[in-house]
Structure formats: C-alpha cells, structure tokens
Protein chains: 2
Amino acid sequence: MDKTGFTHLLPNKDSCHDCFKKEQCLAKQLTISDVEGLSALISKNIKYRCGDYIYRQGDTSENIFIVKSGATKSLINSVEGNELVIGFHFAGEVLGFDAIDTNIHASSVLALDNSIICGFSRQLLDRLCTTDATFQKELIARFSHEIVRDYQLLILINKKTAEQRVAIFLLELLVRMGSSRGQVIHLNLVMSRADIASYLGLVPETVSRVLSKFERMGMLVVKKKKLQIVNDQLLVKYSNNQPLQKLPEPNAMEGNAIPLALLY
Amino acid sequence: MDKTGFTHLLPNKDSCHDCFKKEQCLAKQLTISDVEGLSALISKNIKYRCGDYIYRQGDTSENIFIVKSGATKSLINSVEGNELVIGFHFAGEVLGFDAIDTNIHASSVLALDNSIICGFSRQLLDRLCTTDATFQKELIARFSHEIVRDYQLLILINKKTAEQRVAIFLLELLVRMGSSRGQVIHLNLVMSRADIASYLGLVPETVSRVLSKFERMGMLVVKKKKLQIVNDQLLVKYSNNQPLQKLPEPNAMEGNAIPLALLY
DNA sequence: GAGGCAAACTGATCTAGATCATTTCAGAAA
DNA sequence: TTTCTGAAATGATCTAGATCAGTTTGCCTC
C-alpha cells in the first residue's frame, strides 16, 4: 500500500493551512492568508530518506528548513576528515541558521530517518523580516534559543564522566520526544552508537558499555535501537554523578565532633 | 596623572560620532544622526574594572553590550557550583545574545581588564530592528556568526589533544588580536591559566605544562601573562597534531616489501 | 534458511591527562 | 628591603576512557 514509506507521515494536504505542525512553525504567527500568498517561496513537505543530505557544509544557503517529521543530525567535517556530530533535530526545529551571515553552510545536515521538511527561501525570510515585525522577533528568538542550546552542549561535554554524558543525553531525549517522566518509556534511538558517541565526545565502545551498565543497574532495557527507560529517577541521579554505591560525603559528619585523628 | 586607569582607552569624546570603534559597531551602518537622535537609549563608554560583572547568569536582560576596549570572559555556573568559561570577548564584539529569547541571561560576563563597554537598550534594539532593515540584517548576521563560533569551540574541545587545544587557542588569539603572522609577536594573556584551562576543557596544570613544553621546543617564550610567539609555523603544526618528533607514518614503507617479521 | 555484512557488544591493555603535593615566582603591602 | 600571597610551574602517581582485538547479533539478499 504505502510503498513510499512517507504516507503515514502526511495526514494533511500539501498546504500550510492544514499543516498539523503549524503551531510549531517559524511562521506560526502569520495569518494563513499571508503565508498562502507567499506560497511560491515555500517548498512544502520535501521528502528525505534516511541518509539523504538536507544540505552540506560548504553549500550556498538557499533556504531555512523546518523539520516537520522524522529526525536529522548535523555534523561538521574536520580538516582531518573525521566527522563531528553537533546536534540532533526533531519536529518543529529550524535548520540552517549557521549560514545566514556568510551564506555558506558551516555544517551538514542529513536525515536519520524518513523525514518531511519544509523549506523557506532566503528571499522569503528577508521579505518577512522587513514586512512582519512579529515574524522577525520569532526568528531572532529562535537564534537566541539556538545559542543557549549550544551552551548546553558545551556544558554536557565539559568535565563530565561518560556515565553523566549518556544519562544527560537520554534525559534530554526524553524531554524532546515529549515523553512524560515517571513511567516506563519506550524510546526509539534513531541515531547510531557512533553518532551518540561523537555528539558526547566519547567513543562508540564507551557508549555501548555505559548502556550495558545502565541495563545491569536496572535503569533501562537496551535492545539495539529500542530503549525502554525503567527507572528515570536513577538516571537523574547518574546525570548528577551520584551513583547508588557512592559513599556518604565527608561532611555527613558535620554537627558531630570531628575526631582529631582524622585531622592529622 | 591617570588615576582612573581608563583615560588612555578613551581618545574620543562621549559620543558615537567620534567613536574610534564605530567601524566595528553593531550600528555602524546607521547614519550618525540616526544614532545621535536615539542617544538616550545608548549608554556610552561604561567603565568596568577587572573582575566587574557586566551581567550575571539569571539576570533580566536590559541591554545588548558592545566591547569598545579591554577584554571580558563569559562563563556558566553549573549546578554543582563550578564555573565553565565559554568565551573571551575583545573590542568590537557583542555581548548578551543569550538572553534575547528568554529575557534572562544564560551566562555571566565579567571584565578581565579595565574595559570600556557601550550598552544598547533592548528597547532601542527592537526599535532599530523594525525601522531599519540594514540594522536588522546586521544583527541577524552577528547572531549567525555567534552560532558558527560556538561550533568552532565544540570542534576545539572534541577529541583534540591538550597540545592541539592550546596551539589552536594561541593561534586564534593571534588572529583576534589582529597580529600579523610570521614575525615575533608579543601577546598579553589577559586571562589566567585556569580560565584558559576551563575554556579548553583541561586543567590548569596541563595548560602550564603544555606552555612549558612549547617554550622548550622554541615556539614561544612564556613569562607569566606575557607571551612571545617565536615560531608560529611550528604552532600551526602542533595545532594539526603534527609535532616535530613524530615518527614517519607506517605507510611510509609502501612500495617496499613489508618485512614479514613486522607482520607477525 | 544459509551466507554476508555492518552495527553493537565485550574483554584486555594502554595512555593522556587528571589529581595530588610541593616548589617557585612576581607583584603588593608594609 | 623584607614579607606575604596567590598564580604558576613542576614532579610523582593514578585512572577514566581510548584503543585494539575479537565475538555476537540482527538484518538483508538470494
């Protein structure tokens, strides 16, 4: 029936008016008629298969993209040739902010899954920015949001243990996938262990080992790309580097007299 | 004579018209009269002493700032209480982009030196954005630039050796300080070893050791905060992880028969 | 259902850089 | 000048995670 693999992702027609994601769209505050009038400048519902590039590092920037469904990763190819994953993007997120200044993409983005993505031409972007103050504000807000998100990744990478990184990553995924906490959650890891490792500044083997350990601790059940979070409270503990077996803090004694023997 | 320590930084009057940094200013493309008309919304030449905060993480955002002279660092305080340096900012750079979306600063910025900084009220920012298309474009371009810069820091941190990190950091400083390459350069490190270490995802001792090693290799002369770059070509080699003493690659043999003894 | 293949997992070993413990040094105060 | 103080340098040791070397697993294709 569905030979394309996309039909289930498209419950609506090829129009902004019926878009089931319009609440998350960059242009959400424009009236429908505004957008429809500029329809020629929007490429709606472009289909990407797993592994397809949305754009490549070095490409001239033609569009800003909005992920409607599916998932993508963005990466940077270093001079030495190895690639560094710098982000994962899900429905509602905007792609292409890296090229507004220079017109050249500083990163590549590719689909991790069959994905539907809309493109706003740069021309439309400029036009809306000058004619529509609300749109412009929304755009700048998203820029700012992106900068704060980058900070978070820096924090995640900096001086955290492998276990913390993986725990934080999983919790972040839970939030972004919109799952509520405190119950058994099924998570479909759309990215490979190597992708996660690159993103977290680790090596695939380490990610694998940490996931296995977390499984042994009863926090989750791992079955390749299918993850089942069983105990997210414990996951939170690990994300703060407070594993179960940790000894009480030295100052747990405070309030009692400290034996002299411990001071000398 | 100059008891304030600031006079030498201010060769011009307290006006945008005479500002010696106007070419680098966010509002550079506005005509002088435009800006002067909005003068009440610009706090010109605010003086900060070494250690003063320009703003703190969690503060409500009142202004966008432009560094006119001096230097600042931005940092994030983690939940555990330790601080992470995420950037250094010199003349011409804009501060405060992290709070445009939420109105709350996600990071703190403090002066590393006596610094002169101008503040644009958020109100002015909004006004210029709606009335002046060129200003708005410039602002968005700077946002995009900031995002790309964040990518660079991610690359710097990710999977690079301590020597690479320090070498890249020094080369980056050379560029940002505007020094031309290929000659002996005097560099005044305005930040501490601890700041550099935090920024590079290392520990102060490691930064110290690497600088000492670079000195032994004849690349630079270290005298606390005064650095003298003697051989920047070698620094470039180290930044690519190609130190001098490295053995020839294994495939240097290719073309010759490989001795069986090496295979077993 | 067999064969092929790439991702994921696991165990053994190694090492870059962290940690801990001093020492040195430069600038400020007295 | 001497003393004081905090940053920086240096040496010795330790360890988290990388690296290397397989093995296992799930998923194609025929």
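The sequence lines fix the lettering, A, B, ..., with proteins before strands; numbering per chain opens at 1.
- For the residue pair B/His105 / B/Asp98, a side-chain donor-acceptor distance below 3.5 Å is found, with atom types taken as modelled.
- Residue B/Ser208 is in base contact, counting any heavy-atom pair closer than 4.0 Å across all strands shown.
- Contact detail for A/Cys50 and A/Leu112: the closest heavy-atom pair is SG-O, 3.4 Å.
- Using a 4.0 Å heavy-atom distance criterion, B/Lys223 is classed as making no nucleic acid contact.
- Not counting sequence neighbours, the partners of A/Tyr199 by the ring pair (Phe, Tyr, Trp, His ring centres under 6.0 Å) test are A/Phe88, A/Phe169.
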Produce the list of close N/O pairs, under 3.5 Å, pairing protein atoms with atoms of nucleotides 2-6 of chain D; give distances to one decimal.
none

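- Scanning for salt bridge (Lys or Arg N to Asp or Glu O under 4.0 Å) contacts around A/Glu83 gives A/Lys73, with sequence neighbours left out.
- If you take CG of A/Leu112 and P of C/dA7, they are 14 Å apart, rounded to a whole angstrom.
- For A/Asn158 (side chain) and A/Ile155 (main-chain N/O), no donor-acceptor pair under 3.5 Å exists by modelled atom type.
- Among residues at least two apart or in separate chains, salt bridge (charged side-chain N to carboxylate O under 4.0 Å, His left out) pairs with a member in residues 148-165 of chain B are A/Glu80-B/Lys160, B/Glu93-B/Arg149, B/Arg149-B/Glu172, B/Glu163-B/Lys213.
- Applying the salt bridge (charged side-chain N to carboxylate O under 4.0 Å, His left out) rule to pairs touching residues 200-212 of chain A yields nothing, sequence neighbours excluded.
- Here B/Ser212 lies in heavy-atom contact (under 4.0 Å) with sugar-phosphate atoms only.
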Can A/Asn188 and A/Lys225 be said to form a side-chain hydrogen bond (donor to acceptor under 3.5 Å, both in side chains), step by step?
-> CA-CA 6 Å; A/Asn188 187 27; A/Lys225 303 223 162 185; over 6 Å; no
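- Note: CG (B/Leu211) to P (D/dT10) measures 10 Å, nearest angstrom.
- Within 4.0 Å (heavy atoms only), B/Val222 reaches sugar-phosphate atoms of the nucleic acid but no base atom.
- For B/Asn45 and B/Lys68, the side-chain atoms include at least one donor-acceptor pair closer than 3.5 Å.
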Going 5' to 3' through nucleotides 14-20 of chain C, assign each nucleotide B (protein heavy atom under 4.0 Å from a base atom), S (under 4.0 Å only from sugar-phosphate atoms) or - (no protein heavy atom that close).
-> ---SSBB
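- For B/Lys225 and D/dA9, the NZ to C1' distance is 15 Å, given to the nearest whole Å.
- A straight line from CZ of B/Arg193 to C1' of C/dT24 spans 14 Å, rounded to a whole angstrom.
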